[in-house]
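Structure record follows, encoded as structure tokens.
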Amino acid sequence: MELTVLGSGTSVPHPRRSSSGFWLQTNGGTILLDCSASSIHRMAQEDLDWPGLDAIWISHFHLDHCGGLAPFLFGTKYAPGTQDRMKPLKIFGAKGLRDLITKFSDANRYDLLVQPFPIEIVETEPLESFEILTGVEAVTYSTPHTEDSRAIHLRENDATLVYTADTGFDETLATFARRVDLLVMECSFVLDKPVEKHLELAEAIHLIRRAEPRCAVLTHFYPEWDSVDFDKEVKQFGTGLEVLQAFDGMRIDIGEK
Ligand SMILES: [Zn+2]
Ligand SMILES: [Zn+2]
């Protein structure tokens with residue numbers, strides 16, 4: 001598998017960090033992990049095959065994670081690149097996903113589910129195991145962020161990935177991500193976080209220590225990170241593990257491809 005970071009930022013407009021979106025290339029197809037409004041154009045910017053996208057995973061219904069869904073579906077209705085597409089686009093998320101898309105569609109009769117190709121909306125339960133793509137097993141985990149926020153664990157052959165999306169501190173999340181090849185974890189704040197439902201660096205590092213991933217990538221940075229030397233801050237914790245700072249355009253190989 002290979003991961004491309006489309007957006008390492010938040011809902012706050014930022015010149016170098018788009019809102020959340022990650023492109024995952026697998027042998028079984030492609031998955032967009034979260035679909036912010038900016039990530040739909042970032043796919044084109046990274047020269048990725050967005051007209052052939054196979055699946056979308058929505059971690060929760062905050063707009064910096066799902067705000068691109070309606071514009072994307074509005075685009076695929078009319079884009080030249082999708083008119084001959086036959087294969088379905090599967091959109092996965094928590095209960096409420098179908099309602100969200102339908103309500104947006106009905107707001108101005110956009111008919112977002114009327115496409116040249118089939119759309120399949122799949123609502124999943126926490127800890128439910130399902131095949132997100134052929135040969136790619138997914139399990140989700142309920143995180144302390146919103147009622148419907150979920151982390152996702154993906155496995156293709158021996159390669160594993162956990163994407164926490166937005167989350168507050170939760171020791172069990174480290175168990176969920178135990179020894180994965182790549183752990184993509186939010187780290188909204190540096191220090192003294194102003195809200196419980198996100199992580200600050202010390203908490204993220206604590207969870208990484210417990211999880212012991214082969215590699216950890218921190219993401220979802222509020223602008224306060226702009227003035228911080230990431231490597232220097234991380235080094236102070238002396239984890240001995242690989243902890244990287246996500247940036248828009250970053251590409252990472254995960255296990256065998
Ligand atoms: Zn967010
Ligand atoms: Zn959120």
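One is the number of the first residue; the rest follow in order along the sequence. Each ligand, and each atom within it, is numbered from 1 in the order the structure gives. If you're wondering where the values come from, they're calculated on a predicted model, not measured in any experiment.
The aromatic rings of Phe176 and Tyr141 lie parallel to each other, with less than 30° between the two planes, well short of the 60° mark.
Listed by chain and number, the protein N, O or S atoms at a distance under 2.8 Å from the Zn ion (ligand 1) are Asp64 OD2, His65 NE2, Asp166 OD2, His220 NE2.
A donor-acceptor pair under 3.5 Å links the side-chain atoms of Glu186 to the main chain of Leu199, judged by distance alone.
With salt bridges taken as basic N to acidic carboxylate O contacts below 4.0 Å, one links Arg178 and Glu212. Salt bridge Glu171/Arg210: present, at least one basic N to carboxylate O contact under 4.0 Å. With salt bridges taken as basic N to acidic carboxylate O contacts below 4.0 Å, one links Asp99 and Lys103.
Between the Zn ion (ligand 2) and His198 there is no N/O/S contact shorter than 2.8 Å.
Checked against the 6.0 Å centroid threshold, His14 and Phe221 do not count as a close aromatic pair.
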